[in-house]
Every structure is written in structure tokens, then in C-alpha cells.
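This report refers to the structure that appears directly beneath it.
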Amino acid sequence: MINESSNIFAVILDKVRAVSTALATEGVIPNGLDQSRIVVEPTREVAHGDMASNAAMVLAKDAGKSPRDLADAIAGKLSADALVAKAEVAGPGFINLTLKNDAWTSELKALLAAGTDYGRSTLGREEPVNVEYVSANPTGPMHVGHCRGAAFGDALANLLKFTGYKVTREYYINDAGAQIDALARSGFLRYREALGEDIGPIPEGLYPGEYVKQVGQELKDDYSDTLLKKPESEWKPIVRERAINIMMADIRNDLWSLGVVPDEFFSEASLTEEGDQVAAAIDFLRQGGHVYEGRLPPPKGAPVDDYEDREQTLFRATAFGDDVDRPLKKSDGSYTYFASDIAYHKSKLDRGFNTMIDVWGADHGGYVKRMQAAVKALSGGKANLDVKIVQLVKLLRAGEPVKMSKRAGEFVTARDVVEEVGSGAMRFMMLYRSNDAVLDFDFVKVKEQSRDNPVFYVQYGHARGWSVFRNAKTALPDLPEDAVERCRFLAKAPLNRLVDAGEVALMRQLALYPRLVESAALAHEPHRISFYLYELASEFHAHWNRGKEAPHLRFIIENDPQISLARLALVQGVVTVLASGLGVLGVEAPKEMR
RNA sequence: GCGCUCGUAGCUCAGCUGGAUAGAGCACCAGACUUCGAAUCUGGGGGUCGGGAGUUCGAAUCUCUCCGAGCGCGCCA
């Protein structure tokens with residue numbers, strides 16, 4: 001088990017709370033005030049010091065004191081702290097803290113000691129979390145639309161693991177229902193084609209893609225023409241199983257090339273194969289009084305041409321925050337997709353997950369409320385389902401939209417993207433947006449080697465750091481080449497030599513990382529890591545260039561090995577955090593990019 | 001008609017779950033390479049945070065309302 005690594009903001013927050021408690025003990029303010037709203041956060045302006053707390057403003061009302069007076073009292077005690085250089089009261093009652101340089105250097109030392117475990121935390125307390133993502137239908141290869149969900153879900157899973165949750169990555173195989181039926185029929189058609197029959201154009205409603213040909217070919221190889229003589233009821237299960245196996249093998253390959261390795265593939269069909277788990281889940285809800293037979297008003301908006309008013313089996317979703325009650329059975333008596341999904345989520349509950357995260361595409365947004373309602377009903381309100389909607393990806397090439405024809409079965413596959421730009425660049429780009437913002441993905445820009453391409457810019461920062469180590473060989477022959485050993489070696493450097501404003505700014509930026517990781521994990525927003533890494537790289541590039549104008553600021557100073565060591569320690573800190581963050585995102589951190 | 005998401009600089013977007021004078025990149029203008037990687041950096045102009053009202057010490061952030069865009073609205077998954 002890895003210990004929680006250092007987080008200087010948490011340390012200072014504890015100190016602020018301790019001071020408040022001390023003031024209560026002294027009778028300055030009442031006992032038992034709510035300290036939960038107190039925060040310590042980085043300041044936006046350097047003039048405001050390193051970090052600021054709202055403690056006085058939050059406690060003032062209940063304490064019966066003015067925020068400024070209370071702030072004075074708290075600041076007075078804080079300024080006596082060993083880490084604090086200055087505590088000032090500003091504005092409506094902010095307590096602005098400037099830390100001693102020792103605070104930053106000891107944080108850097110902690111970083112080097114922890115290595116790429118810096119930022120790792122025990123926040124999640126090993127709580128099981130199920131993250132379900134991608135879940136593409138096995139009716140064809142993964143296309144680019146799935147990439148965003150894959151990158152997002154996988155990075156989120158990494159992030160949660162990094163912050164101490166027990167994560168299961170899950171892929172739901174939609175291998176039941178009408179679309180799979182269509183796939184089976186498409187496969188059978190290709191089978192006849194493989195046997196030499198002229199099948200003409202692929203009928204509407206079937207899958208026209210070339211990839212179905214493999215199904216026909218394999219069936220021919222294994223069964224020659226024997227399937228032709230069998231009735232549909234007999235050949236269909238055979239074709240269906242073969243088609244799903246072929247498609248899933250393909251999808252697993254694609255996932256792997258994206259760096260995604262699910263822990264669990266859950267088959268929708270399995271819900272009804274050995275015992276009817278869907279019926280069981282509905283019964284379970286019925287016993288809780290959440291299922292009834294009744295009628296629904298006709299759907300508003302887009303007209304439903306074959307609408308018939310009838311009594312049906314309904315889930316009382318309105319009791320759990322949804323807008324209408326939801327049907328569980330179709331008119332032919334089969335289950336709706338929602339019914340299967342209820343059984344599926346019940347399985348997650350039964351497997352011990354009280355925290356579930358589903359990653360869905362934007363077109364499923366209207367489905368969120370009912371699923372959350374179902375989870376509430378199934379768990380008696382104990383479990384929580386967070387649904388992350390990832391918005392559309394607009395594919396561009398040098399600013400021009402990439403044309404795709406779904407009708408002809410032509411689309412950009414996940415494999416196409418990985419082959420052209422690489423999985424790392426794809427993942428970073430997909431994560432350089434909030435999940436609920438539409439994203440422009442430009443094939444040309446992702447490969448560009450410029451500041452305009454954040455993937456490159458961040459990776460270049462990492463490579464530049466390694467370049468310094470390579471150049472340090474002559475001045476510091478003892479410097480280990482291995483990253484882990486070098487971290488340990490540099491942790492002993494005289495860090496108190498790091499006094500330049502640019503150096504301190506970098507140490508500050510590095511110290512933000514653990515706090516940022518935690519907030520990103522709590523918000524389920526991995527894109528915050530990407531933006532942070534961009535800022536860190538920017539700070540690093542900027543400091544690098546200062547050494548051009550002012551040679552005494554360079555990392556390697558020929559006749560001063562001690563300060564060189566200290567500065568290399570700083571570079572190592574940058575390299576380590578960049579590598580750590582890129583690792584969480586699932587993006588490689590290259591040592592050189594020539 | 002209803003629900004969800006979004007609306008922030010000319011463009012593309014951040015904004016750390018309510019904090020101080022709202023940030024970054026691109027584009028535009030002006031600068032820095034006998035150099036640890038100039039694939040980089042420095043400086044400059046540019047905003048009624050879609051409009052309006054409310055909540056409070058304090059709102060881009062929360063509530064309501066209107067405007068605009070995207071997605072969805074039994075028997076597709």
C-alpha cells in the first residue's frame with residue numbers, strides 16, 4: 001500500500017483549522033463552529049501571496065465577529081507558524097499567506113522522494129468503483145466517435161485508481177436485440193456470397209460494411225453449404241455467435257491499440273441466457289412497489305407513427321426524479337433496452353459497486369434521469385450512479401470537415417486514427433476539452449510540432465528536461481541515468497539554493513499537483529490534468545528561456561556543482577510530474593523528440 | 001411543447017464545485033538564437049462572462065425567467 005503523498009495545501013488547511021479551534025478554546029470565538037467550508041487555495045495574483053484562506057469570512061457570522069477582526073486573529077496566530085513567512089488580511093477578510101522558501105523546497109524534496117507516486121492519494125479509501133465506457137455495439141469496428149469515450153473513461157479510471165479507489169473498467173457488450181439480428185442476417189448474406197451467389201446490393205437495414213465478409217468466409221470454411229439447408233431458427237444462432245465473436249475480437253484489438261484494457265466484458269445476452277435476470281430485476285422492483293401496469297400519455301414532439309395507446313409494464317421513475325414513468329416491455333412482449341439496463345445495473349450492485357460511473361455519448365443524454373432513477377430504486381438510495389456525457393467530435397483535416405457516409409458503411413475507424421496520429425496524441429487531444437464541450441479534432445493539428453498543439457508542447461517539455469540530464473553528464477558524472485535512481489539522488493541536493501523567482505514559481509506550480517489531482521478525481525474530470533500539464537510545461541519553457549538572456553539562471557553552472565544539483569532537482573520535479581500526469585492520461589512521455 | 005447540455009476576447013476554449021482587478025492558445029503588432037533543444041520565449045492591444053431579476057460579505061459559477069445552439073423525447077441501443 002502506498003502512503004498518501006504530500007499535499008501542502010492540505011497541510012496549511014489543517015493549520016488554519018487548528019488555529020480556529022485554538023481560538024475557540026481561548027474563548028475568542030464559540031466552540032463547535034462548522035469548519036467544513038474553510039478552504040485554502042492558490043492565489044490568482046502574486047501580490048496576494050502564495051495561498052489564501054476564506055476562514056474568517058466563513059466563520060464570521062456564526063462567531064458573531066466581523067470578518068476583518070476574525071481574520072486578524074487567525075492571521076496573527078498563523079504568522080507564528082514555521083512554514084509561514086507572512087500572513088496578511090486583505091479585501092473583505094481574506095487571509096493571504098506567503099510561505100517561507102523552506103516550505104517549497106521541502107515540498108520538492110517530498111516530490112522527489114515519492115517519484116511518480118507524487119500526487120497519489122488515499123482519497124478513495126479503496127472503495128470499489130465501476131467505470132463503464134465505450135460499450136460500442138459489436139455490429140462493426142470501433143469508429144472515431146468511440147475514441148473520445150474510450151480516452152475519457154480510461155483516463156478517469158486511471159485517475160480514480162491514482163487517488164485510491166478500487167477501480168473496475170467495464171465494457172458492456174450490446175449483443176442482444178434487433179441490431180444484432182440484423183448483423184446475423186448480414187452475415188448470412190455474406191455467407192451466401194462466399195458460396196458464389198450474387199447477392200446484389202445490401203438491403204436497407206442490414207450492415208453493408210466490408211468487414212461482414214469475414215463472417216461469411218469463416219462460415220463457408222467451417223460449414224461449407226450446410227447452413228443453407230437449415231431453417232432460419234437453426235442458422236441464426238450460429239451466424240450470430242460467429243459474427244459477434246469476430247466483431248468483438250476486432251473491437252478488443254482496437255481497444256488495445258488505444259491503450260484500453262477492460263477488466264470486465266459484460267454481455268447483455270448473458271442476462272437472459274441462464275435464468276432471466278431481467279425478469280428477476282423487474283420482480284425485485286415490483287416487490288418494492290416501483291413497477292405497475294398502466295398507460296402513458298402519447299410522446300410529445302417528434303411524432304411516433306405507429307403509436308398505440310395500450311396498458312403496459314411501467315417503472316415508476318417519477319418517484320425518483322424522472323419526468324415520466326418508463327416502459328419495460330415492448331408491444332411484442334420482449335424487454336425494452338431500459339429493462340435490460342436495469343438488470344445490468346443491478347448486477348453491478350450485486351457485485352458490490354455502490355459507486356458507478358457510466359460514460360455515454362451525447363445522444364444518450366435523455367436517458368440519464370431514468371437510469372439514475374432505476375439505480376436509486378434498486379439500491380434503496382444507497383448507491384450512486386454518475387453519468388458522464390461526452391460530446392460530439394467534429395473531425396477536421398486542416399480546418400476542413402472530414403466527410404463520412406454512414407449509409408455506405410464508410411467511416412473513420414478508431415484504427416485509422418491511431419495509425420495516423422498515435423494513441424497518445426489522440427488521447428491527449430480528446431482530453432483537452434471538458435467532456436461536455438463539443439470537440440474539434442484536426443488530424444493535421446494533432447501532428448503539428450508547435451505550441452498550438454498541446455500534445456506536442458507538453459511532451460516537448462518532458463523531452464527538454466531529459467535533454468538537460470543528458471547534457472549534465474560532463475559537469476555531474478555521478479548523475480544516475482535511471483529516473484527512479486536520479487530522483488533519489490537529487491532529493492539530497494541542496495535545495496535551499498533555489499531562490500530565483502522563476503525557480504520558486506516552478507516549485508509552486510509543482511506543489512499544486514496533488515491538490516489538482518484530488519479535485520479532478522472528485523469532479524470526475526480528467527481534462528483538468530491536461531490543462532494543468534500545459535501550464536506546467538509553459539512555466540518550464542519560460543524559465544528555460546530566462547537562462548538564455550541570463551546565463552546565471554541556467555540549470556547547469558559549470559563551476560558550481562551544488563547549485564547545478566539543486567536546479568537539476570527542480571528539472572527532475574518537472575519531468576516527474578509531467579510523466580505522472582501524462583501517465584494518468586494514458587499518454588507516453590518521450591525522453592527525446594528529435 | 002418538455003428534459004438534458006452549452007453560450008466567457010475576432011476564433012478555439014479554461015476558470016480549481018461561491019472568492020479579490022475574469023485567464024490561456026490561435027490570429028494581429030513589436031522583439032529575443034556565437035545558447036542546457038528558437039519545435040521555444042518576451043511584450044502589446046482586445047470582455048456589458050447571451051439579456052434581465054434574485055440569493056449574500058462576494059456570482060462567470062447557485063435559483064428563477066427570457067433569447068440562441070446541440071442532443072433527446074414508448075416497441076433503436
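Protein chains get the first letters and strands the later ones, always in sequence-line order, with residue 1 at the start of each.
- At the heavy-atom level, A:Q312 lies under 4.0 Å from base atoms of the strands shown.
- Remark: B:A22 base-pairs with no nucleotide; criterion is Watson-Crick or G-U wobble with both hydrogen-bond distances under 3.5 Å.
- A:E549 comes within contact range of the sugar-phosphate backbone alone, with a heavy-atom separation under 4.0 Å but no base atom that close.
- Contact check on A:E503 versus A:R497 returns no salt bridge, with no Lys/Arg side-chain nitrogen under 4.0 Å from an Asp/Glu carboxylate oxygen.
- Within 4.0 Å (heavy atoms only), A:A520 reaches no atom of the nucleic acid at all.
- At the heavy-atom level, A:A52 lies under 4.0 Å from base atoms of the strands shown.
- Within 4.0 Å (heavy atoms only), A:L516 reaches no atom of the nucleic acid at all.
- Using a 4.0 Å heavy-atom cutoff across all strands shown, A:A60 reaches no nucleic acid atom at all.
- Scanning atom types as modelled, no donor and acceptor separated by under 3.5 angstrom connect the side chain of A:S519 and the base of B:C16.
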| request: Could you walk me through whether A:R515 and A:E518 pass the salt bridge (charged side-chain N to carboxylate O under 4.0 Å, His left out) test, one step at a time? | output: CA-CA 5 Å; A:R515 179 178 181 275; A:E518 264 191 21; over 6 Å; no

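- Within 4.0 Å (heavy atoms only), A:L512 reaches no atom of the nucleic acid at all.
- Within 4.0 Å of A:P67, counting heavy atoms only, lies no atom of the nucleic acid at all.
- A:R554 comes within 4.0 angstrom of a nucleotide base, judged by non-hydrogen atoms across all strands.
- On the C1' atoms, B:A27 is 33 Å away from B:G19, given to the nearest whole Å.
- At whole-Å resolution of the value, CZ in A:F428 and C1' in B:G25 are 13 Å apart.
- Taking 4.0 angstrom as the limit, A:N471 places a side-chain polar atom (N or O) nearer than this to OP1 or OP2 of B:G37.
- A:F531 comes within 4.0 angstrom of the backbone, heavy atoms only, and of no base.
- Evaluation of atom-type donor-acceptor distances gives no pair under 3.5 Å for the side chain of A:R470 against the base of B:C36.
- The residue A:N96 sits close to a base: some heavy atom pair falls under 4.0 Å.
- With salt bridges taken as basic N to acidic carboxylate O contacts below 4.0 Å, one links A:D322 and A:R326.
- A:K329 comes within contact range of no nucleotide atom at all, as no heavy-atom separation falls under 4.0 Å.
- Under the Watson-Crick or G-U wobble criterion, with both distances below 3.5 Å, B:A59 is left unpaired in every strand shown.
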Which atom pairs link the protein and nucleotides 40-42 of chain B when you take only N or O atoms and keep those under 3.5 Å?
residue	atom	partner	partner atom	Å
B:U40	OP1	A:R451	N	2.6
B:U40	O2'	A:R464	NH1	3.1
B:U40	O2'	A:N545	OD1	2.9
B:U40	O2	A:N545	ND2	3.0
B:C41	OP1	A:R451	NH1	2.8
B:C41	OP1	A:Y457	OH	2.2
B:C41	OP2	A:R451	NH1	3.2
B:C41	O4'	A:N545	OD1	3.3
B:C41	O4'	A:N545	ND2	3.3

| task | Do nucleotides 65-72 of chain B as a string where each nucleotide becomes B, S or -: B if the base has a protein heavy atom under 4.0 Å, S if just the sugar-phosphate does, - if no protein is that close. | result | ------SS

